[in-house]
Amino acid sequence: MSEPIIVCKDVHKWFGNFHALKGVGMEVNKGEVIVIFGPSGSGKSTFIRTINRLEEHQRGTIIVDGIELTHDVRNIAVIRSEIGMVFQQFNLFPHLSVMQNIILAPVWVRKWPTDKAEAVAMELLERVGIPEQANKFPGQLSGGQQQRVAIARALAMQPKIMLFDEPTSALDPEMIKEVLDVMVELAKSGMTMLVVTHEMGFARAVADRMFFFDQGQIVESGTPVDIFEKPKEERTKLFLSQILSH
Amino acid sequence: MGRVETSSIKPPVTSQGVLGWLRANLFSNWFNSLLTIIFMVLIYVVARSVLIWSVQEANWLAVVDNLGVLTWGRYPSTEVWRLGLSLSLIVVMGTLTWILWYRHSNPRIRRVLMIGWLLMPFVLTILIRGIILPTFRTIVNNIGYYIVRPDVLISLDQTWRANGALTLAGLLTGASWVIFKKLRSRSLAIVGGLVIIALMIPLSTQSRPWIFGITMPMAIPFLVTFSLSLLVGRAVGLSFVNVTGSARVLAAWWLLSIPIILIVLTTFEVGNEAVDPVEALLIVPPNIWSGILLTLALSVVSIVASFPIGVLLALGRRSSLPVVKGFSILFIELVRGVPLITILFMAQVMLPLFLPLEVNIDRVLRAMAGMTLFTAAYLAEIVRGGLQVVRNEQIEAARALGLNEFLVTSLVVLPQALRAVIPPIMGQFVSIFKDTSLVAIVGLLDVLAVSESVIKARDYLGAVREMYLFVGLFYFVLSYAMSQVSRRLEVQLGVVEKD
């Protein structure tokens, strides 16, 4: 077994009086694909947002690639440039073209020369299947295309870990597949991925392990076979039956 | 029903051509027809009398003869070519930028253009205001005064030069401390700062009245000036610390600053002809600028200078640091709570009370400062509105990519915020341009004040309408041009919407 790249121990998070994460622990190995699912408000998004410190955890430890997340600004900068993140609402920068969106961080954070960054960006756009859209603006693209640009933008920093926060939830049904195809390809290429999603087909196909969150805690975890065929907990069974029944 | 041959249907005649347009828009029913006729009669009457007046009665000579006075006022006529040169410089740079910026998005051309525009304020100031250059003898001689005869500097009221040099040296040294990585460059920078400090040691032992007339050794204000600029320089340096090429730019600043420091330190006259500085371009102090020159100088300076200040105030108001936030709110609310006229009076009458005796700021510069701060406060509120448009998710996405807070603000937040508020920003600029006419109240001669003095002259007595029409036209043409620029900017920079 390879060494863990993310180690979380007893992570707690409060929003005011609301206890959003109640002692979450997880170890993720290099190259693993993790799917996190659970009802809304269960803390799954909050949890993956603590990994690149978009949310601050208040108790417990999070160690990413050997660096512990503390208040030290330099650590946070290093970790954020090693972690790519894809959001539910794409969050592309509307004032920049697709190409400019992708090369922004490589040029300003990694200090790459513009031509190198553009060459890498073009490769990535081809990988996600929309090289012809390079000079358009995000507002001119469909939701599925925007999300694929967002994936390319995150990959341009050559991250070691990719976080996906419900990447297909805001998409029209006919566009979900084009985004999932890109994610499946990425998973097969050996990228370490943490994916919050309810796409159980995706989970069955590529997930190494699955985690079921409810009320700020991990209720159950295991391989897709364990979770789908013989879930142990009542809550997992109930939730799965609800989302798989239709 | 039989099929109708589409080719046989003719367009209704009335919706075509001039007649159709007239019918549809002016004579669609009896009431509109009546209105049209009444207004046509009115327009005819007004236009006829205006035309007759302007051709037969108006004394346009009053304007034509005085175009020079209206444009440059008391600017020495032998030096007017400098204004012409300045204008041509602006036009040439503007045209070059217009042609090259979008057609060749070559980064090198863009960089050259940017540097050109950054140098513009300095070049124009030197051209319009003039410059005194010291001869080599003056430099050696006058530097000598700092070391052996500081009392002469005090009696000549020249100690502000020491503060100026210390400020510049402090800023550069502070920035060098964080930006230069090589030990050699660092030590050179520190030596540069130390040389200036050493030069001021004799002067700093002398005493003289300072703020509120309190007498104290010069060492205290010197220390304050130097440490403040050291801190500011360090802060500025920190925000550029990882930007590629910043070390080279800073080195260039050092090279540029050495002659500036020498000029600042040594261009005073000691009454000895052999060592007095040479006036390379006759100094035309701003307080004799007047006419269109003054109007344009006031508006350009307050527009250009207020923009960065306004943006900083807007960011400061949203800052999480309580001191920065408090200061921004206090400044914005204080300035916005006071009419521009009051600020102009404050700048002319009150400001000298708070400043050290030796600082005697030109009256036009004081008006510029007042208008700049006034505009900055309003801009700050406009920009704050723009900042609220930028969704928090944008900031999160930028942070998740590893951008630091400075880059998040300057690459993601500000571009979106400013684009959203181009029209109100340009509106504020047009408004301050027209408000420059208020400086007449504090005794400055802008184009309106000059035109009033012209119509009081015996030869042109009574040419009131002609003069005001001319001035009105001047304001209108420039304001209209500015609003057109605003529209173009909106189209060019506007965020592309989904088709």
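Every heavy atom of this structure was used, including side-chain atoms; hydrogens, water molecules and symmetry mates were not. Note that the coordinates shown come from a computational prediction; the quantities given were computed from them, not determined experimentally. Naming convention: chains lettered A, B, ... in sequence-line order (proteins, then strands); numbering from 1 in each chain.
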Check whether more than 12 heavy atoms from other residues, nucleotides or ligands sit under 6.0 Å from atom CZ of B:R111, and answer yes or no.
-> no
Mind checking whether B:R399 and A:I76 have side chains closer than 4.5 Å, heavy atoms only?
-> no
Correct closest heavy-atom pair for A:R80 and B:G402 would be CB-CA, 3.8 Å
Go through the atoms of A:R153 and report whether side chain, backbone, both or neither lie under 4.5 Å from a heavy atom of chain B.
-> both
Just how far is it from atom CD of B:Q394 to atom CD of A:Q89, taken to the nearest 0.5 Å?
-> 11.5 Å
Just how far is it from atom CG of A:N52 to atom CG of B:L401, taken to the nearest 0.5 Å?
-> 10.0 Å
Between B:L403 and chain A, which part of the residue has a heavy atom less than 4.5 Å away: side chain, backbone, both or neither?
-> both
Which atoms of A:F87 approach chain B - backbone, side chain, both or neither, heavy atom under 4.5 Å | side chain
When B:P415, B:A400, B:A398 are compared by non-hydrogen pairs under 4.5 Å with chain A, the top option | B:A400
In this structure, are over 12 heavy atoms from other groups packed under 6.0 Å from B:W177 atom CH2?
-> no
Whether over 12 other heavy atoms sit under 6.0 Å from A:N135 CG | no
Do A:H95 side-chain atoms and B:L411 backbone N/O form a donor-acceptor pair below 3.5 Å?
-> yes
Please report the closest heavy-atom contact between B:V412 and A:L104, naming both atoms and the distance.
-> CG2-CD2, 4.1 Å
Between A:V78, A:L92, A:I79, the one whose heavy-atom pairs under 4.5 Å with chain B are most numerous | A:L92
Taking every heavy atom of B:R391 against every heavy atom of A:N91, the minimum-distance pair comes out as NH2-OD1, 4.2 Å
In this structure, are over 12 heavy atoms from other groups packed under 6.0 Å from A:R110 atom CZ?
-> yes
Is the CH2 atom of B:W253 crowded by more than 12 outside heavy atoms at less than 6.0 Å?
-> no
